There are 2 protein chains.
Amino acid sequence: MPREGTAVTRREELLAIAARLFAERGFKNTTVRDIADAAGILSGSLYHHFDSKEAMVDELLDSFQQELWVRYDAIAASDRTPRQKLEDVVRASFDAIDQHHSEVAIFQTDAAYLGTFDRFAYLEERNVRFRTLWTGLLAEGVASGELRSDLDVELVYRFLRDTVWVAVRWYRPGGDLTPGQVADQYLHILLEGIRHG
Amino acid sequence: MPREGTAVTRREELLAIAARLFAERGFKNTTVRDIADAAGILSGSLYHHFDSKEAMVDELLDSFQQELWVRYDAIAASDRTPRQKLEDVVRASFDAIDQHHSEVAIFQTDAAYLGTFDRFAYLEERNVRFRTLWTGLLAEGVASGELRSDLDVELVYRFLRDTVWVAVRWYRPGGDLTPGQVADQYLHILLEGIRHG
DNA sequence: TAGCCTACCAAGCACTTGTTTGGTTCGTCT
DNA sequence: AGACGAACCAAACAAGTGCTTGGTAGGCTA
């Protein structure tokens, strides 16, 4: 029996199916019947495994973000220079796009809407932590002389953040480019610019 | 009687209200009752002005894109250098984010979903034109020596496109930064990089 | 073999959704 | 005065929504 992704239990398999559909069509545009159809069962049967449709996307986003932050925290605690940490964070993010493509896509598309519910308050909290981490690294990079001193840190932060994560819209895992290659090119553009020098 | 935006007819006023709500919550998350409530009428009354909810978003996106392309075509037909044209297109895009904020936000959030319907086939068509324009300018810039010769044009195109349009998520018309200022900073980062040189 | 558990079905419920229909108000123009 | 049209109301409808309930097939274990 073919299974979705790396799922081992039926529950994980269903969650992976839901993740794919949420990512493709958006959370609100995906019905529990869509998920059930894709899994070959009836919609009511999903409720044997999950409390609600919201609980599914909650579990997807929360577990993904927890895993991501383990890596971010390790980078932040390392003894590399600010610029190196910045590069590490970018690479970690592209790895996340590669390995948790659906989750990132859901986050990109639906986080703004989901964030309006109490249940997903942690999304906003993580956003704050993310902003603190990146702007801190940028400021340190400017202070250490590794980055240009005329940078508007806030604007560069938003530039960086959006540039990295929005790549989920075109990047396809298993395609021509590895996440490492994409990260290299992005960092090269970002650090050196595209102008002929 | 206060009116939304620059609307002069009731129809335009309703369309502006719908645009704001679509942009804030997404198309699917906005009900016709939401729109009607915001306008102070009953949901059925909307159908005196519009054929359907889809027709509303259709009109918003189509008219916005037509206006945008008038400007793009003028830039493409100008006698400036490839790099200058590239800068002009970026500036025109940030102007669009400033002046048609809701429409851009709707496009960013819902185009992928809406594009699956026949009615919105023009969205995909415009995407192709957009890609042709930008990759063409990038290739010309490389050929003319204005841009680095080791650029992966396809990747830089996606980088540019996403970087510019995703700014709609944080840019607020009437805030501290004018669209021109944002464009200047974005272009500076893009062309020169953020590394201390 | 009896009990139990996982996974599922069959049917439906309460609610929300976009949309329709027939009628009403009210200002404008002849 | 009368006709007309733009704007809106009141009420409903059919389809779709997330979710619930009671029941069942079949494998595993004691």
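Residue numbering restarts at 1 for every chain, and letters A, B, ... go by the order of the sequence lines. All heavy atoms count here, side chains included; hydrogens, waters and symmetry mates do not. Everything quoted here is computed from the prediction, not taken from an experiment.
Residues in residues 94-107 of chain A take part in these salt bridge (charged side-chain N to carboxylate O under 4.0 Å, His left out) pairs, two or more places apart or across chains: A:Arg71-A:Asp95. Screening residues 135-145 of chain B for side chain to side chain donor-acceptor pair (under 3.5 Å) gives B:Ser144-B:Glu146 as the qualifying pairs, with residues at least two apart or on separate chains. For the ring-ring contact (aromatic ring centres under 6.0 Å, His included) condition, the pairs that include at least one residue of residues 175-194 of chain A, sequence neighbours left out, are A:Phe94-A:Tyr186, A:Tyr186-B:Phe159.
As rounded to whole Å, 13 Å separates atom C1' of C:dC26 from atom NE2 of B:His48. Taking atom CD1 of residue B:Ile35 and atom P of nucleotide C:dT17, one finds them 12 Å apart after rounding to whole Å. Note: NE2 (A:His49) to C1' (C:dT6) measures 8 Å, nearest angstrom. When the P atom of C:dC9 is taken as reference, atom CD1 of A:Ile41 falls 6 Å away, rounded to whole Å. Going from atom CZ of B:Arg10 over to atom P of C:dG27 covers 16 Å, rounded to whole Å. Residue A:Ile17 contributes atom CD1, which lies 14 Å from atom P of C:dA7 at whole-angstrom precision. Rounded to whole angstrom, the span from the CD atom of A:Glu13 across to the P atom of C:dT6 amounts to 17 Å. Atom CG in A:Asp37 sits roughly 15 Å away from atom C1' in C:dC8 (whole-Å rounding).
Cluster note: B:Val166 groups with A:Val166 through ILVMFWY side-chain heavy atoms spaced under 4.5 Å, whether in direct contact or through intervening members.
Ring geometry, A:Phe64 versus A:Trp165: the interplanar angle exceeds 60°, so the pair is classed perpendicular (tilted spans 30 to 60°).
A cation-pi contact, defined as under 6.0 Å to the ring centre and within 45° of the axis, links B:Lys53 to B:Phe27. Judged by the 6.0 Å and 45° rule, A:Arg129 forms a cation-pi pair with A:Trp69.
Protein chain B contacts DNA chain D over a range whose 5' and 3' limits, counting nucleotides with an atom under 4.0 angstrom from a non-hydrogen atom, are D:dA6 to D:dA12.
Distance alone, capped at 3.5 Å, is enough to place a donor-acceptor pair between the B:Ser93 side chain and the B:Val89 backbone.
For the pair A:Arg80 and A:Asp88, the salt-bridge criterion is met [side-chain N within less than 4.0 Å of a carboxylate O].
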Quick one: what's the B/S/- string for nucleotides 19-25 of chain C, heavy-atom cutoff under 4.0 Å, read 5' to 3'? BB-----

